[in-house]
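Values reported hereafter were calculated over all heavy atoms of this structure, with side chains retained and with hydrogens, waters and symmetry mates removed.
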Amino acid sequence: MRTSSAKFASIFMLMLLVLSPFAVNASGQKLFEELLNIRSEKKSNTRIKPTLPTTSKKINSRSTNSSRATSKIDRKVEVDRLLAIGNSASLRGDFLNAEKAYRKVINYGSKEAALGYWGLGHISNMQGCYDDAIGSFENARDLDSQNPEHHFNLGLSYFNKEDYESSILNFEKVLSLVPIAFNTTIKIAEAYEELKDFENAETFFKKAIALQPNSYIANKAFSEFYFNRENYEMAERLIKPFVNSLVAPEKANAYVSLAAIEGRKSNYKESINNLKKAIKADRGASGSYYFKIGVVFLANSSKELPNGIASLEDYTTHLKVYKEIETNLRAAILRNYAEPDAYFFLGMSLSLQMKFVEAEKEINNGISIANRRLKEGPQQKCPKKNECVNCDIAFGKGVLGINLMLSAVMLENTERQADANTNYAKALQAFNDAASYETPINVWIYYMISSQHYMNGEYKKAINYGEVKILSQAACKDCLANNFDFYASLGASYFENSQFADAEKMLKKAITINPNVSRIHVSLGKVYEKQNLQENAKKEYEMAIALNSANEFARYKLGLLLTNLGDKNGALEQYKALERLDADYAKWLLEEINKKFPPNK
């Protein structure tokens, strides 16, 4: 029972690990940037989108007596018709028919051909083919160099390609033609921000606001700039004045931004209050806001358990929170927020309530949706290098593996070892399934596989996945550099494999990241004992108790050590404390004390 409780605590921390930054995004973005959609929309250009081609000059209807004028009118009507067909098809994702329509436009005069190339550039952008888009927009620019739209679209394409220097050059050309171009000014600011030239970025954000002081778009963009700089006071100050004057969906969007700001400050109650206001402001999209509320509750549960749980009894005090998570995620799905993540996080909340069968069902629902969308959805013609196209499936498989691990521990508690072993095997298979997808999410999946091997007592395999599959991946070094649980887990694997020097190194790294976790000092104390560094071990056990006076295992280990060092009074002091905390540990320690110091002698 005691071993299974310890396993449960370890796997519980794996569940919370899913909330860590590198689980959501291998580049290390923070939780609220991703899941509350406050992350600046620069990458997808959802705030300022590429414009669709359209004829810009109207033909004077008073010239219709001329056959030449009539010809012009007929040509304009046909060009407009073809552009309308192309634009409509592109918005539906029907790129083949969109391309056919735009290519027909190219057959007309040079100005019309520029519009056709404009359309081709637009659909290339939508498919992630940024080099093709740049080529088409350059053709449009060469045919109509005084049209600022061509320079603007070129700037956006370079921005999407993450060539921010070239992006700025094209946006500056727009400003040379239209000095008060508002959207262009914002994009220049965002490009400078991506280049980490924050001084110029701030200058151009201020210019955009000077152009349109009452623009929510400009103030929101500037707010996100401060948000990313962790200046939450300024981020909030730029958003709040607009809330009352906005209507849905912008009003709800503003509340989501405020929720993200409060979330970053760990003010989860205020974050949830703002999301509830978003629901009232835009009930048509309420499902997504209920999902976000569930995520905030889940993040809050992680915050409230910084040192993990010491026993199953500790865990039960948090059931109310997990039920709240479940309630909000079910509300999200009921309101048509049928995203895979909603089912995965719902599965997590059910796992944390030990409803493992129900959790598995919901997680598999999410995986089915992700699979269906992958097969039926429009395919990116030019996906980015290392772009995660299977992340939803991989994430779902990983969550499924964690659910199976937790259920296996509970089966062990009821002495159903055969069933537990079956679930452990299924968990490992789920993790390997997830790892089979070449996605950035592999980082934490490999960590899960390592942890599963550790649970199975396969310490060499655990170390292999910890070292070879994670540390050797250059792209993952940054995202794991400050992850306490990774180093603690790898240290434990080294310890069990009798590699004590390596264990000491990993555990010290974990302590450097977070010195206030009681259990990690116990682990390091055990390592020191194996190295015959008894005084060092004593200091670590004492530190563990100072951090958590109710850590019965730390008191037990200290009591044993003091017994072996001949300090009977010190050992008895730990025994008296254990009498109040854990009768089993107290009994075992007293037996060792009596062996060392027989009562009748």
Side-chain angles (χ1 to χ4, degrees), residues 24 29 31-52 87-88 90-93 125-126 156 182-183 186-187 189-190 205 208-209 212-228 232 235-264 268 270-297 299 328-342 345 369 373 377-378:
V24 179
Q29 295 292 335
L31 176 69
F32 286 93
E33 274 186 83
E34 296 290 347
L35 293 178
L36 294 188
N37 298 327
I38 186 61
R39 178 179 169 187
S40 181
E41 296 156 344
K42 296 187 270 297
K43 296 296 183 188
S44 60
N45 291 299
T46 51
R47 184 194 303 120
I48 298 174
K49 298 178 180 179
T51 53
L52 288 166
N87 294 345
S88 176
S90 68
L91 292 174
R92 295 195 310 270
N125 248 332
M126 291 182 71
L156 282 180
F182 171 68
N183 286 346
I186 292 176
K187 294 307 297 182
E190 292 178 343
F205 278 126
I209 289 177
Q212 295 188 25
N214 297 320
S215 166
Y216 172 62
I217 290 176
N219 281 273
K220 183 175 185 290
F222 203 11
S223 171
E224 290 177 1
F225 170 80
Y226 283 120
F227 180 88
N228 293 331
Y232 304 124
E236 185 177 24
R237 189 183 301 173
L238 287 162
I239 292 285
K240 270 195 169 181
F242 291 89
V243 173
N244 292 331
S245 61
L246 293 170
V247 296
E250 286 79 8
K251 191 181 189 76
N253 179 273
Y255 280 125
V256 170
S257 296
L258 292 174
I261 291 168
E262 295 298 339
R264 276 285 193 91
Y268 295 114
E270 282 303 310
S271 182
I272 289 169
N273 285 339
N274 278 300
L275 288 170
K276 288 180 178 178
K277 291 177 182 177
I279 291 172
K280 291 181 180 179
D282 186 9
R283 293 194 179 277
S286 62
S288 66
Y289 307 133
Y290 278 110
F291 169 72
K292 292 171 173 62
I293 290 173
V295 169
V296 174
F297 272 116
N328 281 282
L329 292 172
R330 289 197 184 282
I333 293 169
L334 186 64
R335 288 161 177 79
N336 298 318
Y337 189 77
E339 296 297 319
D341 276 353
F345 281 99
I369 292 171
R373 289 186 178 179

Pairing residues for [X] by the side-chain contact (heavy atoms from CB on, under 4.5 Å) criterion, not counting sequence neighbours:
X      : answer
Ser215 : Phe182, Gln212, Ile217, Ala218
Ala332 : Tyr290, Phe291, Tyr337
Asp282 : Ala248, Pro249, Ala252, Ala285, Tyr289
Ile333 : Ala342, Tyr343, Leu346

Of all heavy-atom pairs between [X] and [Y], which one has the smallest distance, and what is that distance?
X      : Y      : answer
Ala259 : Ser271 : O-OG, 2.9 Å
Ser223 : Ile239 : OG-CG1, 3.3 Å
Met126 : Ser90  : CE-O, 3.2 Å

Check: [Y] and [X] side chains under 4.5 Å, non-hydrogen atoms:
X      : Y      : result
Val256 : Leu275 : yes
Asn253 : Lys220 : yes
Phe222 : Ile186 : no

Roughly how far, to the nearest 0.5 Å, is the [atom2] atom of [Y] from the [atom1] atom of [X]?
X      : Y      : atom1 : atom2 : result
Asn219 : Phe242 : CG    : CZ    : 3.5 Å
Glu262 : Ile272 : CD    : CD1   : 11.5 Å
Phe345 : Asn328 : CZ    : CG    : 13.5 Å
Ile209 : Asn214 : CD1   : CG    : 10.5 Å
Leu258 : Asn273 : CG    : CG    : 11.5 Å

*side-chain contact (heavy atoms from CB on, under 4.5 Å) evaluation trace for Tyr232 with Tyr226*: CA-CA 7 Å; Tyr232 304 124; Tyr226 283 120; over 6 Å; no
*Which pairs with one or both residues in residues 244-261 pass salt bridge (Lys or Arg N to Asp or Glu O under 4.0 Å), sequence neighbours excluded?*
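Not a single pair qualifies under salt bridge (Lys or Arg N to Asp or Glu O under 4.0 Å).
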*Please state whether the rings of Phe225 and Phe205 are parallel, tilted or perpendicular, taking 30° and 60° as the class boundaries.*
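Tilted: the ring planes of Phe225 and Phe205 meet at 30° to 60°.
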*Got a sec, which pairs hit side-chain hydrogen bond (donor to acceptor under 3.5 Å, both in side chains) with one end in residues 236-249, sequence neighbours left out?*
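Listed once each, the pairs are Glu233-Arg237, Glu236-Lys240.
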